[in-house]
Amino acid sequence: MCKFFSFFPSTLLRAGFLFSLILAACSGSTATPIVEDIAPIATEDTSPVLYTDPGQPIDVRVEDLLKRMILEEKIGQMTQVEKGSIKAGDITTYAIGSILSGGGGSPAKNTPQEWYAMVEGYQEEALATRLEIPLIYGVDAIHGHGNLQNATIFPHNIGLGAANNPELVDAIGRATAEEMLASGIPWNFSPVIAVVQDVRWGRTYEGFGEETALVTSLGTAYLEGMQTIQEGDLVSEGQTIFALATPKHYIGDGATIWDSSSTGDYKLDQGNIQVPENILRERYLPPYISAVDAGALNVMASFSSWKGLKMHAQEYLLNDVLKVELGFNGFIVSDWQAMDQIYPDDYYASIVTSVNAGVDMNMVPYDYVTFIETMKKAVDNGDISEERIDEAVRRILRVKFSLGLFERPMPDPSLQATIRSQEHLELARQAVRESLVLLKNEKDVLPLSKETPVIFVAGQGANDLGLQSGGWTLEWQGKVGNHNEGTTIISAIRAAVSESARVEYNSDGNFSEFTDDAGNPLVADVTVVVLAENPYAEGVGDAADISLTNAEVKLLNEARKQSKAVVVILLTGRPRIITDELPLAEAWVAAWLPGTEGSGIADVLFNDFPFTGKLSYSWPRTHEQLPINIYNSQDKTGCDAPLFPFGYGLEYGESVPEILECK
Ligand code: GLC
């Protein structure tokens, strides 16, 4: 029935009543068709239908489909709705083109099968539309498919930046794509390719680092891993990408000025960047140039502003630079309700401005009816041209054809076997190992011997996968506790040591209950103290004070009481100010936010593997230095220099160089 309507030329279908009638007839929605049966109407368009033919070139399919669409269907393709807000039947009624899960947006039962069924249900509604255009479902799988319970959770990008291994990052992009597709989802709003200049930003850990070349290299590697079709992949005829990546947030999201944000109590996130165009091009554009050259087909616009104008309104940067100069032929998606921020008191003007500036799809994500009505009004008023609508829809359709969605609207369910597969777990464990940075190691306390007689382990972070994983894991802001499968640090240490070693754990670092044979307080040969940040995401994590908390200092001092030597492991989404506390431990390791495979930490602590990680962020000595990065500290020495510079990381047998001393 519905396929029949695809022969109608759009001119005949413009009449609103006929359109809703057809949609109702196709959708199985509750709306009762005005007449039970529609007498076939002679159509002017006798051209063969090409868009359903996978043998046709993608752009031929795009043009053939576009010419058959009416305005309402085109606007539907530009509409992305979050799963909690879409009403049953409305995907069909409004021809919605995309659905997303925001951070934590999982089905009631958080299993791959339930995710797949959820996405399939939405897809069935999309395929019930007149032209049967499949929808595209998106999610933030920024360090593995974090919304999915018991997915493989990889180190956040700050750790991958320290590893700085493009092949590893490519493989992680691929593994993440497999676990996403396994749950029915082909679109990942990742990687962040921010060149982060101020580590007080709550999204520092989502960035690979502060230096353009490193971010460019790893961002592109991730995209290629996610998008490249490999031998043996189940793909459709004409499909050109395995899954869809989203380099974000265009452009300059990590370069905002402190206290320039107008969003809630955010300080940096969604703030303003004030750099001249030459710096914008030299420092922040190269990751996008490389991503577009590598085949990026989606980019997310940034909440932030340049010179006081929201990026979502920057026609020069969105259209002239990204689309025309860089030749980007995918589509630009807005950030979460970000269009609305352009003119907070004038929704109509915000939508018109942002669509005309070059944003092709609106992550509405709530009130999609108002957005659709606003768009129709803007076209009727001539404030948004039909040509602009066609350009946006052309780009969206190009991506959907490139993903093979028309031939196979749902991914290969057999990919569910890849979720926490041995291969993925080993890859994650390798990433953890390579992400670790040895900051200090006096008296060669590290590496530890597996025969160490007594090892104490202190801190909740040693026994908490939620703290080990950070934000964007199960919930938007992360979720403290052990709610995923994985290996905690204490488990990893216990598994690594020999039977002769005694390992005792206390989350508060209080080991007074342990005595030696003489009844004296037991003194550990070494105490491993895990200092862990509570998880955060986005501007919620913007922080003026990045020193150790009182609780962390208390834990460290408590743990030192019964120990011959102390090793601190930092679970952190950013460098922290540790200058004053550095003398309190012989060794300090930056472990970042390693994800679920904590075994990688034990692998290096016990010297099964060496330390190889190098800082991808300058490590500040004082708050007064902030923001400090490779670009504003190259001529700084002594006490003005970072505590540890970009690229710093000790190997076994090395000590902190005297040059870093501040006298
Ligand atoms: C958020 C983030 C963006 C994310 C999107 C969907 O606000 O800024 O990175 O992809 O919304 O969750």
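Given the structure is predicted, the values throughout are model-derived calculations rather than measurements. Remember, it's 1-based here, ligands and their atoms both numbered in the order they're listed.
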Can you tell me which residue and heavy atom of the protein come closest to [atom], and the distance to 0.1 Å?
{"atom": "atom 1 (C) of ligand 1", "result": "Glu538 OE2, 3.1 Å"}
{"atom": "atom 5 (C) of ligand 1", "result": "Asp335 OD1, 3.4 Å"}
{"atom": "atom 10 (O) of ligand 1", "result": "Asp140 OD1, 2.5 Å"}

Which ligand 1 atoms does [X] reach within 4.0 Å, using its non-hydrogen atoms?
{"X": "Lys248", "result": "3 (C), 4 (C), 9 (O), 10 (O)"}
{"X": "His249", "result": "3 (C), 8 (O), 9 (O)"}
{"X": "Phe189", "result": "10 (O)"}

query: Would the number of heavy atoms belonging to other residues, nucleotides or ligands and lying under 6.0 Å from NZ of Lys307 be above 12?
result: yes
- prompt: Under 30°, 30 to 60°, or over 60°: which ring-plane class applies to Tyr122 and Tyr137, parallel, tilted or perpendicular?
  reply: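 Ring orientation, 0 to 90° scale: parallel.
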Residue portion contacting ligand 1 (non-hydrogen atoms closer than 4.0 Å) for Arg203: side chain
Residue part near ligand 1, for Trp476, under 4.0 Å between non-hydrogen atoms: neither
Test side chain to side chain contact (heavy atoms under 4.5 Å, CB included) applied to Ser402 - qualifying residues, sequence neighbours left out: Ile58, Thr240, Ile241, Leu297, Arg398
- prompt: Quick one: does Thr263's side chain get under 4.5 Å of Asp269's, heavy atoms only?
  reply: no
field: Any donor-acceptor pair under 3.5 Å from Thr111 side chain to Glu114 backbone
entry: yes
query: For Ser334, what residues pass the side-chain hydrogen bond (donor to acceptor under 3.5 Å, both in side chains) criterion, not counting sequence neighbours?
result: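 If we apply the side-chain hydrogen bond (donor to acceptor under 3.5 Å, both in side chains) test to Ser334, skipping adjacent residues, the hits are Asn362.
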query: For the atom pair OH (Tyr536) and CG (Asp542), what is the distance rounded to the nearest 0.5 Å?
result: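 So the gap between those two atoms works out to 9.5 Å.
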message: I'd like to know whether ligand 1 has Met300 as a neighbour, heavy-atom separation below 4.0 Å.
response: yes
